[in-house]
2 protein chains.
Amino acid sequence: MTARPSLRERRKRRTREALIDSALDLFGRRGFDHVTLDELCEAAEVSKRTFFRTFTSKEHAAMATYQDMWAAALEALEAAPPGRRPLVDLMRDSLLAGLDKMDSDGWAERLRRTVHLSVATPAIEAHCLYFCHRTTEAALSIMRDRHELAAPKDFRVLLAMDIVVAAHQRSIARWAARTGEADRALLAADTLAAFGAIPDSLTVTGGAPAQEH
Amino acid sequence: MTARPSLRERRKRRTREALIDSALDLFGRRGFDHVTLDELCEAAEVSKRTFFRTFTSKEHAAMATYQDMWAAALEALEAAPPGRRPLVDLMRDSLLAGLDKMDSDGWAERLRRTVHLSVATPAIEAHCLYFCHRTTEAALSIMRDRHELAAPKDFRVLLAMDIVVAAHQRSIARWAARTGEADRALLAADTLAAFGAIPDSLTVTGGAPAQEH
DNA sequence: TCGCCAACTGCCACTCAGTGGCACTATGAC
DNA sequence: GTCATAGTGCCACTGAGTGGCAGTTGGCGA
């Protein structure tokens, strides 16, 4: 039985959400570098001091939705039954399971805005890339502890994680570039398409590939 | 016949090198975050204004050696004969050719220091990750222009580039973690080993892999 | 219900990476 | 030698980020 969050807890969440919403709104309209933290905090009605108690940096406010999604994948990985499957498959399924959990109102739209911001703002993109890199490390740690991963430093294992992250990143970028309403199911489909393209990526040449992916 | 660089050109290079050397020295001894730019510029005997005419950011001073190496790979890619080879192979060979060009005194030691700094400093690592990401885009552009790449947005092509970058990054990290003298040939060997591990990375499972890589 | 304590907030002063302007200096071309 | 341009250093400034501290709020036990 989950206890109802305390007033304090609820207040903290509301503050976090207000900052995220204000960030996506203001950064999206005027550009990340043209909105100061004072302006953002004014819009969210909190002090800058509280901002920095909530987020590590200005970029983190912009990328919270993205981080939440990867965190959900790690949780799904942690909950997955132990077994001897290819790591790429295990991670693909964890990513999809995590995506399934992203069901709060307007989540897909917030992710799309985040990705648009990332594409337009090197500092955010760099932070997202670093975050994903750290996510591979967290995933390896979970696998070692719960999935009997024996050689977490082996090139094959490390590259499997990097390939997983690359596939998901590329699918997110493509999905966010689509027109029309942000649709989470379409992101799952793009993710599957990217994972499906992995084997051929090792042999693809410069000429027109056999079928557009 | 290459003309001798002008006084101006030589002065600029000396300034750049002084800043890089001072950065690696001071950052390596005290930590990136504990050395101010005033201190760095004092050590290199230039003004902060000149620092920012030379580098985009504090991080860029720390990662110049790393960037030079990737830039050499892009040059090798640009000079490679057109042909229909797997992109992964083409990029591997360009990386190795670029490595071959990194023959200035002490280069390997500077790269190792750079990587150690990167491992210890999230901001530098994030910048390096972003730089590599932009390098995939530059490589795709070169391939479209000179290697008849027909579908630069195909998932297979994008993932091929990401896999290449991941393999090289992982080999660099392993190489830099080695003890003993920094040896460029060993880095080339580690790069080949990482590329050799790519096919098995798609199927590797959590159990002990067949042979440690 | 009350009181205590810990969590949380906002205010403020500050540091330092990064920016732009401008006067001065050095170099290179003619 | 002259002149124009490239390059430099100085300076004031902004804004992200930090730490300290007093005041406020919420939770819990008596």
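In the text below, chain A, chain B and the rest are named by the order of the sequence lines, each starting its count at 1.
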For this session: Could you tell me whether the side chain of A/Leu111 reaches within less than 4.5 Å of the side chain of A/Met102, counting heavy atoms only?
Result: no

Problem set entry | Members of residues 115-135 of chain A that approach DNA chain D, where some heavy atom sits under 4.0 Å away | none

For this session: For the residue pair B/Ile172 and B/Thr191, establish whether any side-chain heavy-atom pair is separated by less than 4.5 Å.
Result: no

Problem set entry | A/His60 versus A/Thr56, closest heavy-atom pair with distance | ND1-CB, 3.9 Å

Exercise. Should B/Ser6 be listed as having a side-chain N or O under 4.0 Å from OP1 or OP2 of C/dG28?
Worked result: yes

Exercise. Can a cation-pi geometry be assigned to A/Arg170 and B/Phe155, taking NZ or CZ under 6.0 Å from the six-membered ring centre and within 45° of the ring axis?
Worked result: no

Exercise. Looking only at heavy atoms, what is the nearest atom pair of B/Ser201 and A/Ala160, with distance?
Worked result: O-CB, 3.3 Å

Problem set entry | Pairwise side-chain contact, B/Ser171 with B/His168, heavy-atom cut-off 4.5 Å (strictly under) | yes

Exercise. When you measure from the side chain of B/Arg53, which nucleotide among C/dG10, C/dG21, C/dG28 comes out closest?
Worked result: C/dG21

For this session: Determine the contact category for A/Lys48: base if any of its heavy atoms lies under 4.0 Å from a base atom, sugar-phosphate if only primed atoms, P, OP1 or OP2 are that close, otherwise nothing.
Result: base

For this session: Could you check how far CD of A/Glu9 sits from P of C/dA7, rounded to whole Å?
Result: 13 Å

Problem set entry | Validation row: B/Ser57, B/His127 side chains within 4.5 angstrom (heavy atoms) | yes

Problem set entry | Nearest-nucleotide 5' precedence on DNA chain C, B/Phe51 against B/Arg11 | B/Phe51

Exercise. For B/Val204 and A/Val157, which heavy atoms make the closest approach, and how far apart are they?
Worked result: CG2-CG2, 4.1 Å

For this session: Grab the two heavy atoms, one from A/Trp175 and one from A/Asp183, that are nearest each other, plus how far apart they are.
Result: NE1-O, 2.8 Å

Exercise. Chain A on DNA chain D: first and last contacting nucleotide, 5' to 3', under 4.0 Å to a heavy atom?
Worked result: D/dG15 to D/dG27

Problem set entry | Heavy-atom donor-acceptor pair, B/Arg8 side-chain to C/dT27 base, under 3.5 Å | yes

Problem set entry | Separation of atom CD in A/Glu45 from atom P in C/dT9, rounded to whole Å | 14 Å

Side-chain donor-acceptor distances from residues 61-74 of chain B under 3.5 Å, at least two apart:
residue: B/Asp68; atom: OD1; partner: B/Arg16; partner atom: NH2; Å: 3.3

Seminar exercise, completed: Closest non-hydrogen atoms of A/Leu26 and A/Val35, given as atom of the first, atom of the second and distance, are O-CG2, 3.6 Å

Problem set entry | Contact residues, residues 54-65 of chain B to DNA chain D [heavy atom, < 4.0 Å] | none

Problem set entry | Atom of B/His147, atom of B/Pro82 and distance for their closest heavy-atom approach | ND1-CA, 3.9 Å

Seminar exercise, completed: residues 30-40 of chain A vs side chain to side chain donor-acceptor pair (under 3.5 Å), sequence neighbours excluded, gives A/Arg30-A/Glu39, A/Thr36-A/Glu39

Exercise. Where along residues 28-43 of chain B does a heavy atom come under 4.0 Å from DNA chain C, residue by residue in number order?
Worked result: B/Val35, B/Thr36, B/Leu37

